[in-house]
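Within every chain, numbering begins at 1; the chains are lettered A, B, ... in the order of the sequence lines, protein sequences first and strands thereafter.
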Amino acid sequence: MSGSSSFKIREILRILAGHYGNISWWPGDTDEVMIGAILTQQTRWENVRKALGNLRDRNLCSLSAIHGADSGEIGELVRCTGFYRLKTHRLKTLAAYVMETYGSVDAMTGEPSDRLRAGLLKIKGVGAETADSILCYGFSRTSFVIDAYTEKICSCCGILHRRDQLKTLFEDVLPQDPDAYKRAHAHIVEYAKEYCGKKRCNECILENLKE
DNA sequence: GACCAGGTCCTTG
DNA sequence: CAAGGACATGGT
């Protein structure tokens, strides 16, 4: 029943908010969020931070710069994030899309969220999670990010749905406030890193964090 | 040395 | 449509 799922999701969000409070997460300008969203695919954030630093040192931490840069150079700078040839190609594709369609990242801010999302999803290498990360953290839109952690925590709590259905469930429960979206996803990731080992996650969040 | 990380795409059965 | 493999480096 989706009624019971909604109730559980409210509980999860309430407990996490009480436990982690106002954490700040994924700082940086829109360019950096977009680049980071590609680089963090299946990769620890520590390695992504290094790569972003490498790009910044060479003044390549923007889509306009990446659009004009040599792929070999980008590859060296993002190598520490793994899948570096693949990610370099994805960054170039994303940069080409943005520069050729909008002319600049700033020019995208006038676009409504659903059209922004549809455009991003057409890019090879930008799936739902990457697109929603960009919308939520890069453009402060109320588009909730569902990742493997969210799926796992929900699953632990008996909420078994596909990712797009989970997205709808969370968005129906959350207030229409981009900061609430940003915080909620950050809470989920922080919780999961702390409590959900890969093999065993049999202690439910509702038990771990009970007041 | 084995195993996994804030995914996505492509190929198979 | 579910499942499995490829992509690759760095940390435990």
Within residues 70-98 of chain A, the residues having a heavy atom closer than 4.0 Å to DNA chain C are R79(A), C80(A), G82(A), F83(A), Y84(A), R85(A), L86(A)
Nearest-angstrom distance from the residue atom CD1 of I38(A) to P of dT8(B): 8 Å
CG on L120(A) to CG on L135(A), rounded to 0.5 Å: 6.0 Å
Spacing of I23(A) atom CD1 relative to dG6(B) atom P, expressed in whole Å: 14 Å
Steps toward side chain to side chain contact (heavy atoms under 4.5 Å, CB included) verdict (L169(A), S6(A)): CA-CA 6 Å; L169(A) 282 170; S6(A) 294; 3.8 Å; yes
Contact span of DNA chain C against chain A, any nucleotide atom under 4.0 Å from a heavy atom, 5' to 3', runs dC7(C) to dG11(C)
Calculate the interatomic distance between E151(A) atom CD and dG7(B) atom P; express it in whole Å. 11 Å
Nearest heavy-atom approach of R163(A) to D147(A) is NH2-C, 3.6 Å
Applied to residues 43-53 of chain A, the side chain to side chain donor-acceptor pair (under 3.5 Å) test, sequence neighbours excluded, yields T43(A)-K87(A), E46(A)-R49(A)
Within residues 128-138 of chain A, find the residues that approach DNA chain B with a heavy atom at under 4.0 Å, and present them sorted by residue number. A128(A), E129(A), T130(A)
Close approaches to DNA chain C from residues 43-54 of chain A, in residue order (heavy atom, under 4.0 Å): R44(A), N47(A), K50(A)
Treating Q165(A) as the side-chain partner and R162(A) as the backbone partner, does any N or O pair qualify as donor plus acceptor under 3.5 Å? yes
DNA chain B contacts among residues 177-190 of chain A, heavy-atom distance under 4.0 Å: none
Would you please test I38(A) and V126(A) for side chain to side chain contact (heavy atoms under 4.5 Å, CB included) and show each step? CA-CA 7 Å; I38(A) 297 287; V126(A) 177; 4.0 Å; yes
Determine, step by step, whether Y191(A) and H19(A) satisfy the side chain to side chain contact (heavy atoms under 4.5 Å, CB included) criterion, reporting the C-alpha distance in whole Å, the side-chain angles of both residues, the deciding distance to 0.1 Å, and the verdict. CA-CA 9 Å; Y191(A) 171 82; H19(A) 197 71; 6.0 Å; no
Which residues satisfy the ring pair (Phe, Tyr, Trp, His ring centres under 6.0 Å) test with F170(A), sequence neighbours excluded? F144(A)
If a pair satisfies side chain to side chain donor-acceptor pair (under 3.5 Å) and one of its residues is in residues 66-85 of chain A, list it, with sequence neighbours excluded. R58(A)-E73(A)
Spacing of NE2 belonging to H185(A) relative to SG belonging to C136(A), to within rounding of 0.5 Å: 8.0 Å
Are the side chains of V33(A) and S133(A) in contact, using a 4.5 Å heavy-atom criterion? no
Below 4.0 Å: OP1/OP2 of dG7(B) and any side-chain N or O of Q41(A): no
Stem finding on DNA chain B, please: runs of three or more consecutive Watson-Crick or G-U wobble pairs, both distances under 3.5 Å, sorted by first number. B:2-5 with C:9-12, B:7-13 with C:1-7
On DNA chain B, check which nucleotide each of T40(A) and K124(A) is closest to and give me the residue with the more 5' one. T40(A)
Quick one: label I146(A) by what it contacts on the DNA or RNA (base, sugar-phosphate, nothing), any heavy atom closer than 4.0 Å. nothing
Suppose we screen for side-chain contact (heavy atoms from CB on, under 4.5 Å). Which residues come up paired with I23(A), at least two apart in sequence or across chains? Y20(A), A186(A), H187(A), E190(A)
Residues pairing under side chain to side chain donor-acceptor pair (under 3.5 Å) where one sits in residues 169-184 of chain A, two or more places apart or in two chains, turn out to be N22(A)-R183(A), S140(A)-K182(A), T142(A)-Q176(A), K167(A)-E171(A)
Counting distance only, does the side-chain N/O of E111(A) pair as donor-acceptor with the main-chain N or O of G119(A) below 3.5 Å? no
Quick check on DNA chain B: between Y149(A) and L121(A), whose nearest nucleotide comes earlier from the 5' end? Y149(A)
Mind listing the closest non-hydrogen atom pair of T30(A) and G138(A) along with its distance? OG1-O, 3.0 Å
What are the two closest heavy atoms between L60(A) and I66(A), and how far apart are they? O-CG1, 3.4 Å
Taking salt bridge (charged side-chain N to carboxylate O under 4.0 Å, His left out) as the definition, give me every residue that meets it alongside R56(A), ordered by chain and number, with sequence neighbours left out. E32(A)
So, for A37(A) and I134(A), which heavy atoms are closest and what is the spacing to 0.1 Å? CB-CG1, 3.8 Å
